[in-house]
Amino acid sequence: MLKKIECFLQPSKLDEIKDELVKMGVEGMSVSEVKGFGTQRGYLEEEKINKKVKFLPKAKVEIVVDEEIVEEVIGAIRKLCAAETIGAGKIFVIPVEDAVRIRTAEVGKSAIY
Amino acid sequence: MRGEFNPWQMTLSQLDEVAKEINLDESIHQILRHPKRCLTVSIPIQMDNGKIKVFTGFRVQHNVTRGPAKGGIRYHPSVTLDETKALAMLMTWKCAVVKIPYGGAKGGIICDPRKLSLKEVERLTRRYISEIISFIGPEKDIPAPDVNTNPQVMAWIMDTYSMDVGYSVPGVVTGKPISIGGSLGRNAATARGVMFSLMNAAKKLKFDLFEKTIAIQGYGNVGGNLAHLLSHEGYKIIAISDVEGGIYNPKGLDPRKVSLALKGSGSVVGFKDADKITNQELLAVDCDVLIPAALENQISQDNADKIRAGFIVEAANGPTTPQADKILEGKGVFVIPDILANAGGVTVSYFEWVQGLQAYFWTEREVNLKLRDIMQKAFDKVYRISEERKITMRKAAYILAVERVAEATRVRGLYP
């Protein structure tokens, strides 16, 4: 079965993550520039948090992988992104019912590898 | 399994070969060489003319180490105990290849159903089931359709068993009609599994299926459904056959039109827009993919060297004799073996049993996606073994299956 890994990360980590995941056999990735906030409510650690929530620039990374490598992918992203400060990001794992490669009509796992 | 050789001896020698290849523990090898239980039963029934006739039936449970026994029941004049034993062992391997929690079984009655009325078939079925009733059940042994048995026969089996225990037990048999707990997608499951196997091969061997031509021998439940599924995907079928003979058109055949012709004339040969060929000619037709979906022993040492296809997908059980297999291997033909290619049927039977036990039924889409996932995993595993050991897909499938059953036997240990 396929899983989508959707994560919200610090944009500065993107290149390293891309290289590491490609090494693992991940064959596709989409990245978007987004704005958001999490537990940090949009404040950097050194800032004083007040009531007003702010947005910070984040990178949203979406990849679809076979469930067998989900743990490995999460491990790699965490290893590269783990910071002692707040605001390192979040990883979501979402079940994917099916996938279709438009050109060849291949489906399921064959559509993504 | 007609022909001069004994199907049981043939199946045993296949096991012996694999045992040697993987250095199988000798004790486990001995256990696997013997079916757990062989029942021979006499089945007296009243014929429509009032006379009593006694038939002979079998039920063989080869192995139940990984779960309850599972296997079809066939009605055919050529049924023998040895054939039933062989097919029961093949079911053990088939269930293990796709990793569903069943052991192998098979059953049969020596009879010619064409010479029996519907009522006689019903009485035969009910009496046969009552003779083996203490050995079957959802946790023990779950029959299914095979040659000349269909959802109606399964309904009679379910009813006979349920009447005996006093409540409805849908899980005692699979391949039932939908109205009494059959699974959506069961009817075309074997064909769908065959198609997934072919697609998985195309992916691994990096060829474009849309550019390949396909010939299918057999137009029954498997061959017929398969032709429609493949054509729906946009693949090109150039030859089709049934018992009466075959049709060939290099420009492609439309199964919907072939089925219409079949309805009118009783055979695919009734289809006008194609050349007539024999079943033997179909096997030797100039195509890329050959799918035997009819009887056993169709590809033998007499015709194996004439085969022009580069890929064979065994939708039927045992369509290739061991001698033919050697010839095909020498020619470099890629064969997806029966215990992998046609395991979609038993896989959706397993889904039907699971749904019956839960009394909660899935959509057809759910069934098909779960089937695809299981077929893909099994194919990948078998392919990896064949690459690592540089052996055929058949040998690789047997190795995977025997290793799984052997491991289960080892951890369970010997009782008492």
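Chain identifiers are assigned alphabetically (A, B, ...) following the order of the sequence lines, protein sequences preceding nucleic acid strands; residue numbering begins at 1 within each chain. These figures come from a predicted structure and were not determined experimentally.
Contacts of A:E97 with chain B are made by both backbone and side-chain atoms, with heavy-atom separations under 4.5 Å. Looking at B:K204, there are no atoms closer than 4.5 Å to chain A (heavy atoms on both sides), in backbone or side chain. Contacts of B:D380 with chain A are made by side-chain atoms alone, with heavy-atom separations under 4.5 Å and no backbone atom involved.
Relative ring orientation between A:F92 and A:F8 is described as perpendicular, the plane-to-plane angle rising above 60° on a 0-90° scale split at 30° and 60°.
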(message) Using side chain to side chain donor-acceptor pair (under 3.5 Å), reason through B:T174 and B:Y350 one step at a time and then give a plain yes or no.
(response) CA-CA 8 Å; B:T174 61; B:Y350 163 60; over 6 Å; no
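Here the two rings, on B:F379 and B:F196, have centers that are 6.0 Å apart or farther.
Between B:I214 atom CD1 and B:L198 atom CG the span is 5.5 Å, to the nearest 0.5 Å.
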